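Here the structure is a predicted model, which is why all the values come from computation and not from measurement.
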Amino acid sequence: RVVIFTTRVNPDLHGGEQQMGRIQEWLARHGFRLGEHYDEITHVKVPALAYIDDRALHFIDWTQALDELGSRYRLP
C-alpha cells in the first residue's frame, strides 16, 4: 500500500482543501494513477514499514541526527 503523506492537504491549514486537487492534478499529469501507483493522499502519518522522503534524516540518536543535519546544512 502506497500512501502519499503531505501536510499541504491538512484542512486546518490555509488552503488545505484546494491543495488536494492540485496534488491530484499534478500526479495525473505525471502519469500517477490512484489505485495503481498510490492508494491514498493524507495529512495523517500512517504506520508504515518505511517512509520515503526527499529531506529525511535517518535517526539513530540525537548526536548522530544533529551531526547529519549539520553536515547537510550550515547551522549557526
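Qualifying side-chain contact (heavy atoms from CB on, under 4.5 Å) partners for L34, counting only residues two or more places apart in sequence or in other chains: Y38. Checked against salt bridge (charged side-chain N to carboxylate O under 4.0 Å, His left out), R72 has the following partners two or more places apart in sequence or in another chain: E68. Every residue two or more places apart in sequence or in another chain that forms a side-chain hydrogen bond (donor to acceptor under 3.5 Å, both in side chains) with E36 is listed here: R33. Under the rule for a side-chain contact (heavy atoms from CB on, under 4.5 Å), the partners of D53 that lie at least two apart in sequence or sit in another chain are R55, A56. Residues satisfying the side-chain contact (heavy atoms from CB on, under 4.5 Å) test with E40, not counting sequence neighbours, are R1, V3, T42.
No continuous path of ILVMFWY side-chain contacts below 4.5 Å connects V46 to L27, so the two sit in separate hydrophobic clusters. No path of Ile, Leu, Val, Met, Phe, Trp and Tyr side chains, each step under 4.5 Å between heavy atoms, connects I23 with L13, placing them in separate hydrophobic clusters.
Applying the ring pair (Phe, Tyr, Trp, His ring centres under 6.0 Å) definition to pairs two or more places apart or across chains, those involving residues 39-60 are F59-W62.
Shown here is F5, whose CZ atom has more than 12 heavy atoms of other residues, nucleotides or ligands within 6.0 Å.
Under the 30°/60° scheme for interplanar angles, the aromatic rings of F32 and W26 are found to lie parallel.
The shortest side-chain heavy-atom distance between V44 and N10 does not fall under the 4.5 Å cut-off.
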For I4 and V9, what are the C-alpha separation, side-chain angles and deciding distance, and is it a side-chain contact (heavy atoms from CB on, under 4.5 Å)? CA-CA 11 Å; I4 297 173; V9 299; over 6 Å; no

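Annotation: the span from L57 atom CG to D67 atom CG amounts to 11.0 Å, rounded to 0.5 Å. Rounding to the nearest 0.5 Å gives a distance of 5.0 Å between CD1 of I41 and CD of Q24. We find the CG-CD distance between L69 and Q64 to be 10.5 Å, quoted to the nearest 0.5 Å.
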